[in-house]
Amino acid sequence: MKEEEKINMEEEELVENSENAELSEDTENSEDSESTENSEVDVKDPLETALEEVEQLRDKYLRSVAEFDNYRKRTTKEKAELILNGGTNVIKAILPVLDDMERAIENGAKTDDPQVLREGMELIYQKFQKALEGLGVKKIDTDDADFDVDIHEAVAMVPGMGDDKKGKVIDCLQQGYMLNDKVIRHAKVAVGQ
């Protein structure tokens with residue numbers, strides 16, 4: 001009997017071991033099948049992924065090109081408008097001076113006093129200078145200035161002026177002007193030699 005009991009116990013252990021083995025296999029198989037299913041869901045076809053990325057980059061590129069083209073057209077239009085209408089501020093500043101000149105011409109025919117005409121012309125000249133200064137135009141200083149090739153143009157050399165006048169502006173033949181620190185007309189001067 002003891003042998004039979006021993007055999008029965010061994011058989012029961014074998015049955016338990018086989019059941020445990022089956023359970024562990026089932027668990028492993030279900031885990032494998034789940035991981036296989038998950039990996040199939042998570043992993044896309046590389047070609048499909050690349051095509052999606054190419055399409056996104058193409059769309060981004062086309063949008064950038066269109067945006068740049070719109071910017072270029074807008075700036076070109078703004079430049080054209082500035083060129084056509086750039087002188088508007090200058091004309092508006094000069095028109096009051098023109099009005100004063102017209103009034104001076106009308107009143108000049110009525111008076112014979114040269115002093116009155118001279119005073120009227122000086123007032124108009126001062127008003128014109130103020131209008132130009134308001135636009136950023138300044139005269140280039142030539143009174144006892146050193147000759148500077150950046151702002152002066154030498155049209156004559158005057159010899160025998162002495163060492164203290166050498167390289168200095170002696171006389172201004174035509175006034176020069178600057179617009180916002182940029183020379184728009186060089187001053188024509190005579191320079192001591």
Side-chain angles (χ1 to χ4, degrees), residues 37-109 117-157 167-192:
E37 289 174 9
N38 287 340
S39 64
E40 287 176 7
V41 171
D42 291 343
V43 176
K44 290 184 179 179
D45 184 24
L47 179 60
E48 189 177 311
T49 306
L51 288 174
E52 287 177 7
E53 187 176 335
V54 166
E55 186 60 34
Q56 288 173 352
L57 291 173
R58 182 177 178 274
D59 183 55
K60 189 176 183 180
Y61 169 74
L62 289 175
R63 288 178 188 275
S64 296
V65 168
E67 186 177 326
F68 178 74
D69 192 41
N70 289 340
Y71 168 76
R72 185 183 51 79
K73 287 177 183 176
R74 185 175 55 248
T75 55
T76 303
K77 183 180 176 183
E78 288 173 359
K79 284 181 185 177
E81 287 178 7
L82 283 174
I83 290 170
L84 288 175
N85 301 323
T88 303
N89 292 338
V90 175
I91 300 299
K92 285 181 180 178
I94 294 175
L95 284 177
V97 176
L98 180 65
D99 295 338
D100 288 348
M101 291 178 100
E102 288 173 350
R103 282 191 287 273
I105 290 170
E106 279 181 28
N107 292 333
L117 292 174
R118 182 173 183 81
E119 288 175 8
M121 290 302 291
E122 285 177 5
L123 289 172
I124 292 171
Y125 176 73
Q126 290 171 1
K127 188 172 187 176
F128 187 64
Q129 275 188 323
K130 285 182 183 177
L132 289 177
E133 286 174 7
L135 295 170
V137 177
K138 295 185 295 187
K139 277 187 179 181
I140 293 175
D141 186 30
T142 57
D143 295 335
D144 200 35
D146 291 331
F147 178 74
D148 183 359
V149 293
D150 293 332
I151 58 174
H152 301 120
E153 180 181 341
V155 293
M157 299 293 283
K168 297 253 187 204
V169 174
I170 304 298
D171 189 24
C172 181
L173 304 172
Q174 186 180 48
Q175 189 64 49
Y177 293 93
M178 298 178 82
L179 176 62
N180 300 325
D181 298 327
K182 180 183 176 191
V183 176
I184 56 174
R185 184 171 85 179
H186 291 81
K188 294 185 179 182
V189 296
V191 181

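Everything quoted here is computed from the prediction, not taken from an experiment.
- E48 contributes atom CD, which lies 8.0 Å from atom CG of L51 (distance to the nearest 0.5 angstrom).
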For this session: Apply side chain to side chain contact (heavy atoms under 4.5 Å, CB included) to V90 and L135, showing your working.
Result: CA-CA 7 Å; V90 175; L135 295 170; 4.1 Å; yes
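- N89 CG to I94 CD1: the interatomic distance, rounded to the nearest 0.5 Å, is 11.0 Å.
- In this structure a side-chain-to-backbone donor-acceptor pair under 3.5 Å is missing from H186 to G176.
- Across every non-hydrogen atom of I140 and V183, the tightest pair is CD1-CG1, 4.3 Å.
- Rounding to the nearest 0.5 Å gives a distance of 11.0 Å between CD1 of I124 and CD of E122.
- Every side chain to side chain contact (heavy atoms under 4.5 Å, CB included) that D99 has, sequence neighbours left out, goes to E102, R103.
- A pairwise comparison of heavy atoms in K138 and D181 identifies NZ-OD1, 3.3 Å as the closest pair.
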Exercise. Given Y125 and V97, is the side chain to side chain contact (heavy atoms under 4.5 Å, CB included) satisfied, shown in steps?
Worked result: CA-CA 8 Å; Y125 176 73; V97 176; over 6 Å; no
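- The shortest heavy-atom contact between A187 and T142 is CB-CG2, 3.8 Å.
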Identify each donor-acceptor pair in which a side-chain atom of residues 52-68 lies under 3.5 Å from a protein atom, sequence neighbours left out, and give them as a table.
{"from": "D59", "atom 1": "OD2", "to": "R63", "atom 2": "NE", "distance (Å)": "3.1"}
{"from": "S64", "atom 1": "OG", "to": "K60", "atom 2": "O", "distance (Å)": "3.0"}

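- To the nearest 0.5 Å, atom CG of residue D148 and atom CG of residue D141 are 11.5 Å apart.
- Once rounded to the nearest 0.5 Å, the distance linking CG of N70 with OG1 of T75 reads 10.5 Å.
- Here the straight-line distance linking atom CE of M121 with atom CE of M101 works out to 5.0 Å at 0.5 Å rounding.
- Annotation for A93 and A131: closest pair O-CB, 3.6 Å, computed over non-hydrogen atoms.
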For this session: Might you work through the side chain to side chain contact (heavy atoms under 4.5 Å, CB included) test for K168 and F147, ending with a clear yes or no?
Result: CA-CA 5 Å; K168 297 253 187 204; F147 178 74; over 6 Å; no
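- The nearest pair of heavy atoms linking V137 to Y177 is CG1-CD2, 3.9 Å.
- By the 4.5 Å heavy-atom criterion applied to side chains, V189 and I170 are not counted as neighbours.
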For this session: Could you check E153 against Q174 for side chain to side chain contact (heavy atoms under 4.5 Å, CB included), going step by step and ending with a plain yes or no?
Result: CA-CA 10 Å; E153 180 181 341; Q174 186 180 48; over 6 Å; no
